Structure formats: C-alpha cells, structure tokens
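First comes the structure, then the notes that go with it.
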Amino acid sequence: MPISSSRGRRRAPTRIERAAGKAAALQRPRVIVALLLLLALTSVMLLDGYLRAEVGGDQRVRTGASAGQVPQSILDGGPILTFRGGRATTVSVPDKTIALTFDDGPDPTWTPQVLKILEEYDVPGTFFLVGSMVSRYPGIVRSMVEQGNEVGVHTFTHVDLSYQSDARVRREMTQTQLALAGAAGITTTLFRAPYSSRTDAIDDYSWPVYRELGEDGYTSVFIDTDSDDWKRPGVSKIVQWATPKDGKGASVLFHDAGGERSQTIAALPRYIKEMRAKGYTFTTISGVMEKQRTGAGASGSSVGVGGPGPGGLQGAHRTATGATLYEGKALIAAVAVAEWTVPVLSAGLLVVGVAVMGRFGMMLLLARRHHRRRNRRRFRWGEPVTRPVSVIVPAYNEKECIANTLASLARSTHPIEIIVVDDGSTDGTAGIAESLGMPNVRVVRQENAGKPAALNNGVRHASYDIVVMMDGDTVFEPDTVRQLVQPFADPSVGAVAGNAKVGNRNTVIGAWQHIEYVMGFNLDRRMYDLLRCMPTIPGAIGAFRREAVLEVGGMSEDTLAEDTDITIALHRAGWRVVYQEHARAWTEAPGSLKQLWSQRYRWSYGTMQALWKHRKSLTDRGPSGRFGRVGMPLVVLFQIVTPVFAPLIDVFTVYSMIFIDFRAALLAWLAVLGVQLLCAAYAFRLDREKYRYLLMMPLQQLAYRQMMYLVLIHSCVTALTGGRLRWQKLKRTGEVGTPAGVS
C-alpha cells in the first residue's frame, strides 16, 4: 500500500513499487502452473503405482470362516450364482461341457499365447480380467473380445472384497468396467472374486458382497474344477487336475497372468485335445446360462459353443455408451501417459543420479585441490595490492541495515573510499548514511532505476581502478577488502568472487540456507575457479577492475541476474575470474518462505536469462571461449537440469516405499543423503564452520529442496512464456550486525 505523507495525502507509488505489483500479478498464474506440474507428476506416479498392484496365486485368504448366513442350496449349488428377481439361484454346467475360464489377465506375455491356442482350436474362453491390467494392455482385451471370447470383472487391483467397505467394492467394480469400456467398448455382467473357489467356500464375510453385487445385476462365477496351474506342478498334473470327474460338466480354472505361465501354455493344447477325445465340448459362461434358460442340455446332452448374442456381443457383454465410454477412454489415455512417463522418468532418474554423484565427486576432488593450492605457504598472486579501492554500496530502503554495513567498512584494514548510491529510497537511507559523518563516505542520490543502474552510477563516481561491490544489507570483516583485492596482483584477473556467509542462521530457514551457501555455492566456486569458468560473482561480495567493467558495458539490465551476466561477459572478454575464500561477507538471508521464494525465483530465472543472452559463447574460440566450452554446459547441467529432476529421487523413494520395497527404498535414500552429508561436512571443514548445522540437512532434503524445485519450475514456465520481472526488494531486519555475533 502506498505510504501516506506527513500531510495525510497518499503519495504515488514509485517505479519499483509499480513494477513489483505488476510482476506479482503476472507471476501468480505461473506459480499455479508450477504447482499443477508437480501435481500432475505426483498423480502420474500414484496412478502407475496403483496399476502395478501385485497379483499372486489364486488361493484363499481365510479358512474356517462361518457360513451361517449362506443358504445351503447355494453352498451345494452350481458354480454360477445369480440374483434374478432378488432371489439367489445357482446354475450348473451341463454334463460333458466345459466352461474354460482364465483369471488375472491380461498379461502381455502369456495372454496372447493363450488367445492364439484358443483360436487355433476354435475354443471360446471366459477371461476374468483385473482392471489395472486392462488399462495397461487395452489392445489385448480388444483382440480378446473381437476373437469371440467373453470377459468378466476380477476387480481393479485384485483385492479380497470380503474385508472392504461398500465404497471400495463399488470403486473396484466401476473402475474395471471403465477400463473395459475404454479398451473394448463394452461392459460386462460377469464377476469373479479374487481368491474365490467353489460355492461351498462362500462364508459370512463374502456372502454380503455377492448379494450386493447380485442386486446390481452381476452374475458371480465360481469353479467346479481347478487346474492349480499357478503352483506349476507340471503339464501332466495340470491336465489331470483340470479334468472333470465322471463326465460331469465344469467351470474350469486356468490362469493367463499373475506369474510364470509356461506350463499353462504347454498344458492347454493337450488338455483341449484330451477333453474333446472324451466327448467334451467348450462354451462360455453365457453359453451355459443360455442353455439353462432354454432347457437345452438339461438331460446331460452335449452343449456346443455359446455364440454371440444380439448385436454380435457375447451374452454377458453390453455396449458402452455415453459417459461410461468417454470416461473409459480417458482412463486408458491417462494410463498410457503414466506407462510412457514412468519409464522416461526412470531413465531421467538414472541420468540425474549419475550427474549428481559425478558432481559430488568432482566438487570434492577439485575443492580439495583448490584449497591445498591456495593455502600453501608460498602461494602468492604477485606483489601485495596496497593501493586504495572504491567500495560501491547500492541501497534502496536499507534503513535497518545501512549503518551496520558502513560501520563494518569503517573498520577495514585496507584503504577504501565508500560510495553509497541511494536508488530513490523512501525511508531515509541516504540521510542515515550522511548522518554517520564518516569522512570516506560519499552518498550519491539517483531516481529509482534499479540495482544495475545504481552500480553503474557508482562505477562512474569511483576514484580508483579497483571497485568492490556489495549489498546494502551485507557486513564485511575488517580484513575482507584486503583479502578480496589481492588476486588483482595478477594482471589477467578481471574480477574476484568473495565468500558470502549467512548471518541469520539460527532459524530453520537460515540454517537451511547456511548449508546451501557453504556447500552449494562456495564448494562450487572452488571447482569452477580451478576450471576457470566461474559463472557468478555474488552480489554480496565481489571485486572488479574498473576497466574490465567498462569494457563489457557495465552492469546490464537485460537480466535479473546482473552478477551472472557480467561474470559471463568478463569471461568472454578474455578476463580471468577467481574465487577468494578468505574474503568473507556476512549477509542477511530471507527470513520467510515467501521472501526466499522471491529471491530464488529471481536468481534462477535471471541465470536462465543470462545463459540465453550469452548462448553464443558456445561457439567462442580461444581462451575467451572457455566458459562456453566448459562453464556453460556445467551450469546448465548442475543448476538447471539436475535441480529440476533432483526431486525424482524423493518421488521415486516414496513410490518405491509404497509400491515396491520399503526397506530397500529407504536404504537407497539414506545412502544418497549420506553422500550429501559427506560433501557438506567437507565443505564445512574447509570453511571452518560448526558441524551442528548439518543436523538440519535431512529436513532440508525433505522440505527445502522441494521448494527450490518448485521455484525452478516456476522460472522455467516464466522463461517459456516470455515473462519479465524487475529487481525485487526483500524485507530486511538488520539483525546481521557484526560477524562476531555469528556462532
């Protein structure tokens, strides 16, 4: 809200306030898009895991349960249970007739082989299908129905319905019907419960389920004869166990999925031949019911193949129409996306895993070499740099921090002039700086134009050939400037990056950022320094040759990351950029998640802008092309690609814990965390930091990393949509007073 003047009149918003308000309004849809992308990924993973429920052997889950509620006529009846007119009735298979049934499919390996055998011998089958498998392999189901076979519901996830709520039972049935509608354009009235067997096994747990489904129009199908092929007893045993006794008819159970079915495939042709040799004919469940309805075969005569009903459909099939058809097609499409996405993400995870581990290994190796080289007693950049330098402090509404910042500079052991560039502050920042009465401080006032313009204005007013740039909320140690400018003894050095430290680290967010600064930024800078492709000089602490800054055109307003922009520009101009670990600056990290999001969004989006702006560096030749050949690929891989996909580690960990192997997934995640802890501990050792903050690292991996992922996705969406955002001012508290206060 605009600030009121002393006369009670509302002043007009400043340029940066107007830009910030417009930017905030433009970014909200992009945040929503980022969240929707994460939700879509999560939904795809959950759908894939739900579809991959394991199907085991077709065996009873319970034994010895009471059957007091089940009518005796049902327990002693045939394998087909109907509830026509609300009355429970069973139907038996006529003598010398076999209703050949298959459970647990479709399976991409075994079901097509079963269908080929049935087609070859002109035998129909009744397949009780698992809905999740139907949705994954719709083409097999479509071929199955077109071939003249019959299908029934075997639930969606192969769950024992006896212990499920009414809502779960209906969901299992509805989802399977939708899958059938999407795959083959039909629904079915047949149902077989997982882990069911003969009607005499119906108990008080399962009877209410059959009754409720019967009232909904379902026909429940049991068995007379079980091949027990899932036990893999051998071909002869399968044929023997599947043969009805004494010429009676039977509903015979085989499996076309749920395990290794090579013995079933081998036994099926032999079984069909032997049964026909004994005078048996084959039909579908609907064929049995049709003959029972018309009275044919009642005296035990042979029953032929049950043909299609009206409209070319099997008797149990119904044409799917309306919402059922379209919802079914949508389900099949969603599963197809999941089936395609998960393998791609798995491959991405492998690439990310290799990249992450490679990065850790590279950082540890090169950081160790950098530390040893720069801390040797005889290491020197050249003759000590003792000449005065200019320190530029851009400031916009820094009344809480500016006094501490200037006081820390006043204690500098190196001769400096201080130029405070007030960028149109409205809180009296310039007045505070002037009121301190420091002789080496000059205050330059300008209309609000943004940080790059303020820095360029400071460079124009600088009296010396080396300029140090810092933020208005940053505190330097007395020896910081002296340490920072020593690399300029080497005439090839055009800029120096300092060691930025988090001062307000005694909060959860502060501790997370402290770990990130020490490990993610400073360990990286050591690596990039040795590779001579430093991508960013931090805005909190950096030093430049004035001529180098002017040569590349000063700080650019083309990107949000002016520090990354000018660093790459200096590389391309042939200047060397180095890291000085002993030059420390203490900065105030964002104190809330909202401010952290705003800062990291600007950083990540600005980095993308800078990389795109300097994309032609990939073709630069000679020493000036080193950043394009080495730095650009590393930054893209480690700061954009890898972070975008890094949460896959967490997503797949949760996925594996729920759907695969909890213990193995947990151990794998802990192993990755252990590697990260090792790298972080080494980084803390190099910076002589206290290890206790590493206790926050597991929580950081669970929460902080996901936020950074969303920020990066937000940035990618903004980049793809061509959005722009101006320099955003974060709220400061001024709590980072002196380095001595940091523990």
Side-chain angles (χ1 to χ4, degrees), residues 77-103 105-106 114-115 118-119 122-129 131 134 141-154 173 176-181 183-193 196 199 210 213-224 249-254 256 280-298 301-321 324-325 328:
I80 303 173
L81 174 62
T82 66
F83 285 82
R84 291 176 180 173
R87 180 180 177 183
T89 306
T90 62
V91 177
S92 297
V93 180
D95 293 344
K96 289 292 184 176
T97 304
I98 292 175
L100 200 56
T101 67
F102 298 86
D103 280 9
V114 170
L115 292 175
L118 296 182
E119 184 177 31
D122 194 24
V123 171
T126 302
F127 291 80
F128 291 93
L129 306 177
V134 173
V141 179
R142 190 159 45 248
S143 298
M144 182 184 294
V145 173
E146 290 173 354
Q147 188 176 309
N149 297 289
E150 194 166 50
V151 300
V153 173
H154 201 44
M173 303 300 292
T176 306
Q177 295 283 23
L178 287 176
L180 289 173
I186 57 118
T187 59
T188 182
T189 60
L190 298 183
F191 165 70
R192 174 175 283 164
S196 65
T199 52
Y210 294 126
L213 292 178
E215 292 173 357
D216 289 341
Y218 283 99
T219 296
S220 295
V221 181
F222 299 84
I223 61 173
D224 292 303
S251 168
V252 181
L253 173 61
F254 283 85
D256 63 320
Y280 278 88
T281 57
F282 294 86
T283 186
T284 61
I285 296 298
S286 291
V288 172
M289 297 179 67
E290 177 64 20
K291 294 302 180 182
Q292 187 269 349
R293 186 181 66 82
T294 60
S301 61
S302 177
V303 181
V305 173
L313 295 177
Q314 287 287 352
H317 294 173
R318 303 289 183 268
T319 301
T321 59
T324 299
L325 179 62

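What you see is a predicted model, and the numbers here were worked out from it, not measured in a lab.
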State which residue, out of [options], fulfils the side-chain contact (heavy atoms from CB on, under 4.5 Å) condition with [X].
| X | options | answer |
| --- | --- | --- |
| F128 | T188, D103, V151 | D103 |
| R192 | L253, I285, T126 | L253 |
| R318 | T324, T189, I186 | T189 |

Going from [atom1] on [X] to [atom2] on [Y], what distance comes out if it is rounded to the nearest 0.5 angstrom?
| X | Y | atom1 | atom2 | answer |
| --- | --- | --- | --- | --- |
| T284 | H317 | OG1 | NE2 | 8.5 Å |
| T101 | N149 | OG1 | CG | 12.0 Å |
| Q292 | I80 | CD | CD1 | 8.5 Å |
| F83 | L213 | CZ | CG | 9.0 Å |

How far apart are the closest heavy atoms of [X] and [Y], and which atoms are they?
| X | Y | value |
| --- | --- | --- |
| Y280 | T97 | CD2-N, 3.5 Å |
| A99 | V288 | CB-CG2, 4.3 Å |
| P79 | D224 | CG-OD2, 3.2 Å |
| L115 | Q147 | O-NE2, 3.0 Å |
| G78 | S92 | CA-OG, 3.4 Å |
| G77 | T199 | O-OG1, 3.3 Å |

Taking the side chain as everything from C-beta on, heavy atoms only, tell me whether [X] gets closer than 4.5 Å to [Y].
| X | Y | result |
| --- | --- | --- |
| V134 | P106 | yes |
| T219 | V91 | no |
| V114 | F254 | no |

Whether F191 and Y210 hold their rings parallel, tilted or perpendicular, with breakpoints at 30° and 60°: tilted
Criterion side chain to side chain contact (heavy atoms under 4.5 Å, CB included) on M289 and T82, from CA distance to verdict: CA-CA 10 Å; M289 297 179 67; T82 66; 3.7 Å; yes
Test log, rule side chain to side chain contact (heavy atoms under 4.5 Å, CB included), inputs M144 and L129: CA-CA 11 Å; M144 182 184 294; L129 306 177; 4.1 Å; yes
